[in-house]
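Notes to accompany the following structure.
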Amino acid sequence: MQAVSKGDGMRGLAVFISDIRNCKSKEAEIKRINKELANIRSKFKGDKALDGYSKKKYVCKLLFIFLLGHDIDFGHMEAVNLLSSNRYTEKQIGYLFISVLVNSNSELIRLINNAIKNDLASRNPTFMGLALHCIASVGSREMAEAFAGEIPKVLVAGDTMDSVKQSAALCLLRLYRTSPDLVPMGDWTSRVVHLLNDQHLGVVTAATSLITTLAQKNPEEFKTSVSLAVSRLSRIVTSASTDLQDYTYYFVPAPWLSVKLLRLLQCYPPPDPAVRGRLTECLETILNKAQEPPKSKKVQHSNAKNAVLFEAISLIIHHDSEPNLLVRACNQLGQFLQHRETNLRYLALESMCTLASSEFSHEAVKTHIDTVINALKTERDVSVRQRAADLLYAMCDRSNAKQIVSEMLRYLETADYAIREEIVLKVAILAEKYAVDYSWYVDTILNLIRIAGDYVSEEVWYRVLQIVTNRDDVQGYAAKTVFEALQAPACHENMVKVGGYILGEFGNLIAGDPRSSPPVQFSLLHSKFHLCSVATRALLLSTYIKFINLFPETKATIQGVLRAGSQLRNADVELQQRAVEYLTLSSVASTDVLATVLEEMPPFPERESSILAKLKRKKGPGAASALDDGRRDPSSNDINGGVEPTPSTVSTPSPSADLLGLRAAPPPAAPPASAGAGNLLVDVFDGPAAQPSLGPTPEEAFLSELEPPAPESPMALLADPAPAADPGPEDIGPPIPEADELLNKFVCKNNGVLFENQLLQIGVKSEFRQNLGRMYLFYGNKTSVQFQNFSPTVVHPGDLQTQLAVQTKRVAAQVDGGAQVQQVLNIECLRDFLTPPLLSVRFRYGGAPQALTLKLPVTINKFFQPTEMAAQDFFQRWKQLSLPQQEAQKIFKANHPMDAEVTKAKLLGFGSALLDNVDPNPENFVGAGIIQTKALQVGCLLRLEPNAQAQMYRLTLRTSKESVSRHLCELLAQQF
């Protein structure tokens, strides 16, 4: 440090430091320091006034003694006096002493503030820099109160030097982080945005850090920064390393500034089309540069290059609007999965977890399944293996569920103890969600208990019992399987619990086989009795009394067990009570009474699985991006009754910035089950959750769930009461300017982030069948402050009330900071409609009222039922719909790259069935479907003709209703 070196002439300081270094013991050092402190104290109290040099020297000595770990209780006033010096070295030491030793409660703070004000007003750039550094170092509330209004003026003043602008921007950022309420927003905010165009990249870097932080709390004030940030980013990524000589780091132009600009852009939704095109070019350039050979073999070059690349991928994921970029990002991350650097492999796995939840990139992620499985098996670092498990969970769907579950079970045998419970929960969730038949599900859960029984929580085995009880077709197989599992010499206690319950309920289904006769079943279970805990013994006693009802021939044997002294005089009151009551019941009750009391358990009320909620609680609120699946798996409703109503993570800003998982607040808990006589589980399925229960058939289950309760039914009395009066369209504000663009994103997909600013994130997950739909809205509070009077309302503009019925449930009026609430909407299409309903969200944040109005993503194509037909039938129907008013046609220029796979995905997402070998031109797309409404059905045929050379499309729709033709044509044309 030059200010305290021999070169500055402070010979006494240099001698003192040398003496301290030469001390042979701690006692000698303390003795020398005490001697020096006495000398300095006498100098400060002496009659002779000290000159600036002496004050500086003695203050430096005090600072050095403090840094050695000794308390300093004098000299502060002398340091303050140095601030008024006109010599740089003296002023510098004064500010240094104050920054280190003066706290915010000091009585000298007013004198210090006056000296700082004088330096800020001096317009001397050196003195202004010292003052700003001191303010940032102390950063107290008193400093913020004194200078929060002055620093912005310094920052945007036209005559302020670049170095001072940098210091002012970072100083203001420090004050805003410590006392955000004291930094006023004003005219300077619009002027500070233009610093992004400053010629000095140091100023731009500092200003970007400031604007990013301010924009997170005040997005509207800084939304003009988006176009400027894209412009600056474009200039950086297209420049050569020699163009930005002073800011090029190992051949990477301005990497820190590039990262900051990309983070700033993640504070906002995708920009306008003109700006978006330029931003897309920038992101493509960054992805292209990642493929180029490295210009240096040094690690600093690859670190800087990859930092920009990963931030660009985070922005692509956040926008979730460019399928080509998402697929390219996925392919780039796939290359990193086999990189020799562990950190790169970890980051690639983490980012791909988020990409897997996007409808556009999910298939691309799945292509890397073998690499991810290999990482799970061979990685040395446990954190990388954990991310690999997260990615397998995220990329799982019906097509690869058996492979992934099998690999995770195999890995579980050797997995680290720290992550075994998490792996168990994930296997249980995937097995249930993607079960193609329930025998595989039962086998998987029992295998899970065998491999890692200690880590199988109650939620897991409770859930398998619920499903077996509710499914007649799997009860016999489950009984046979657990009977075989219990024959193992070493059997986990959780297996005994599952076996005890299932054999007690359904053991009669396998009693016809001599190998599993009733006496054999009883002896097998009772052989485990003495090895089990009290809770398991209690369950087994309930199984025994069930056996008396199922198998009267075992009555004498079981009564002998119950009559044994070890049971009737058991030290545990629960076991004693059960033994006494069951023995008496079996002795005095008639056969009919016994059969009534001990009849088979009725099916459990259809509940949601609590396993996912437990997994989210274990992972924590910041990790839901890997847990929540925002995709709609077309086949996931084959058996399991529909997709999980879990928060969506589509379009997350970054792996660490999203609330959807929102970031993992569970939905409201299901109502408790009533415990009937002989109920061994007694209301165990009471957890909140994510998976609609497994109904008899998906079609019937879905439609019955969506059917609104009749007014006179008991269910109607339990339903949430509707608000007294919903506000009409005239009572709410107009939709936000980007409402149409946000709605357009959901025409071909059902899940994603509908709206996001720095206060609130609204996620959507929906499913539709026939003329019915269910939508889950997830409201995430992104701040640390509670939302008050939170009130989301669905409004029907115009005549929409007669065309679309929306039944809503109320949500909590308070939303805690960082928390999330869920709202369920049941939707019925009465007849065709053109305008979507509006979603009005009102709440108070920090005392200030907030209101926004969005268009709910419910469009007529959501009630599209795909229809398969042969070419002959298609053309026959096409000719029948030949009236001019039945056809709508549009020729338009492609707004996105013309990719056949993306086009196919969008048409499928639109709702129609794609018909192969119908159009003579194989490049064309032909589709058919029926719009289902309560009043009527509207048949629809479509034909999309892409012209790659001209970058044009021709879209033709024919339906039996003119308004539907025109509306569907407009909706679909906007997607290309």
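Scope of the values below: all heavy atoms of this structure, side chains included, with no hydrogens, waters or symmetry mates.
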Worksheet, complete the sentence: Heavy-atom closest pair (Phe310 atom, Leu333 atom, distance to 0.1 Å) is CE2-CD2, 3.6 Å

Discussion item. Using salt bridge (charged side-chain N to carboxylate O under 4.0 Å, His left out), reason through Asp320 and Lys745 one step at a time and then give a plain yes or no.
Written reply: CA-CA 9 Å; Asp320 191 31; Lys745 285 173 55 179; 6.0 Å; no

Item to complete: Check step by step if side chain to side chain contact (heavy atoms under 4.5 Å, CB included) holds for Asn494 and Val498.
Response: CA-CA 6 Å; Asn494 281 337; Val498 173; 5.6 Å; no

Fill in: Set of residues satisfying side chain to side chain contact (heavy atoms under 4.5 Å, CB included) with respect to Ala428, sequence neighbours excluded
Ile445, Leu448, Val460, Ile611

Worksheet item: Where do Ala348 and Leu337 come nearest, in terms of heavy atoms and distance?
Response: CB-CD2, 3.9 Å

Item to complete: Ignoring hydrogens and angles, state whether a donor on the side chain of Asn750 or Lys862 is under 3.5 Å from an acceptor on the partner side chain.
Response: yes

Worksheet item: Does a side chain donor of either Gln761 or Gln820 reach within less than 3.5 Å of an acceptor in the other side chain?
Response: no

Discussion item. Apply side-chain hydrogen bond (donor to acceptor under 3.5 Å, both in side chains) to residues Gln266 and Ser314 and explain how you reach the verdict.
Written reply: CA-CA 8 Å; Gln266 291 175 55; Ser314 293; 4.7 Å; no

Practice prompt. Please report the C-alpha distance between Phe483 and Gln487 in whole Å, then the side-chain angles of each, then the deciding distance to 0.1 Å, and finally whether the side chain to side chain contact (heavy atoms under 4.5 Å, CB included) criterion is met.
Written response: CA-CA 7 Å; Phe483 177 79; Gln487 294 180 21; 2.7 Å; yes

Fill in: Side chain Arg420, main chain Ala452, donor-acceptor under 3.5 Å
no

Worksheet item: In terms of side-chain heavy atoms, does Glu505 have a donor or acceptor partner in Thr469 at a distance below 3.5 Å?
Response: no

Fill in: Worked verdict on Asp472 versus Gln475 for side chain to side chain contact (heavy atoms under 4.5 Å, CB included)
CA-CA 6 Å; Asp472 295 339; Gln475 290 166 357; 3.4 Å; yes

Item to complete: For Lys528 and Glu493, run salt bridge (charged side-chain N to carboxylate O under 4.0 Å, His left out): C-alpha distance rounded to whole Å, both residues' side-chain angles, the deciding distance at 0.1 Å, then the answer.
Response: CA-CA 9 Å; Lys528 315 290 183 183; Glu493 188 168 339; over 6 Å; no

Discussion item. So, using side chain to side chain contact (heavy atoms under 4.5 Å, CB included) as the criterion, who are the partners of Arg328 when residues are at least two apart?
Written reply: Glu284, Leu287, Asn288

Discussion item. To check you understand the geometry: which heavy-atom pair defines the closest contact between Tyr346 and Arg387, and what is its length?
Written reply: OH-NH1, 3.0 Å

Practice prompt. Quick one: list whatever passes side-chain hydrogen bond (donor to acceptor under 3.5 Å, both in side chains) with Asp816, sequence neighbours left out.
Written response: Gln786

Worksheet item: Is there a donor-acceptor pair closer than 3.5 Å between any side-chain N or O of Ser516 and the backbone N or O of Ile510?
Response: yes

Worksheet item: Between Ala485 and Met495, which heavy-atom pair has the shortest distance, and what is it?
Response: CB-SD, 3.9 Å

Discussion item. According to side-chain hydrogen bond (donor to acceptor under 3.5 Å, both in side chains), who are the partners of Asn861, at least two apart in sequence or on a separate chain?
Written reply: Thr859

Item to complete: State whether a side-chain donor-acceptor pair under 3.5 Å links Ser399 with Lys366.
Response: yes

Practice prompt. Report yes or no: does Thr543 contribute a side-chain atom to a donor-acceptor pair with the main-chain N or O of Leu539 at less than 3.5 Å?
Written response: yes

Discussion item. Counting neighbours of NZ on Lys480 that are heavy atoms of other residues, nucleotides or ligands and sit closer than 6.0 Å, is the number greater than 12?
Written reply: no

Item to complete: For Glu379, enumerate each residue passing the salt bridge (charged side-chain N to carboxylate O under 4.0 Å, His left out) test, keeping only those at least two apart in sequence or located in another chain.
Response: Arg345

Worksheet item: Counting N and O atoms only, with roles assigned by atom type, does the side chain of Asn470 sit under 3.5 Å from a partner on the main chain of Pro603, one being a donor and the other an acceptor?
Response: no

Worksheet item: Judged by modelled atom types alone, do Tyr434 and Arg398 share a side-chain donor-acceptor pair under 3.5 Å?
Response: no

Worksheet item: Between Phe336 and His339, what is the ring plane arrangement, given parallel below 30°, perpendicular above 60°, and tilted in between?
Response: perpendicular

Practice prompt. Applying salt bridge (charged side-chain N to carboxylate O under 4.0 Å, His left out), name anything that partners Asp916, two or more places apart in sequence or on another chain.
Written response: none

Item to complete: Taking all non-hydrogen atoms of both residues into account, name the closest pair between His492 and Ile449 and its distance.
Response: CB-O, 4.2 Å

Practice prompt. Go through Ile317 and Leu355 one step at a time and tell me if the side chain to side chain contact (heavy atoms under 4.5 Å, CB included) criterion holds.
Written response: CA-CA 7 Å; Ile317 295 171; Leu355 274 174; 3.6 Å; yes

Worksheet item: Out of Leu391, Leu430, Ile429, which residue meets the side-chain contact (heavy atoms from CB on, under 4.5 Å) rule with Cys396?
Response: Leu430

Worksheet item: Does any donor atom in the side chain of Gln823 or Tyr779 lie under 3.5 Å from an acceptor atom in the other side chain?
Response: yes

Discussion item. Quick check: closest heavy atoms across Cys491 and Leu486, and the distance to 0.1 Å?
Written reply: SG-CD2, 3.7 Å

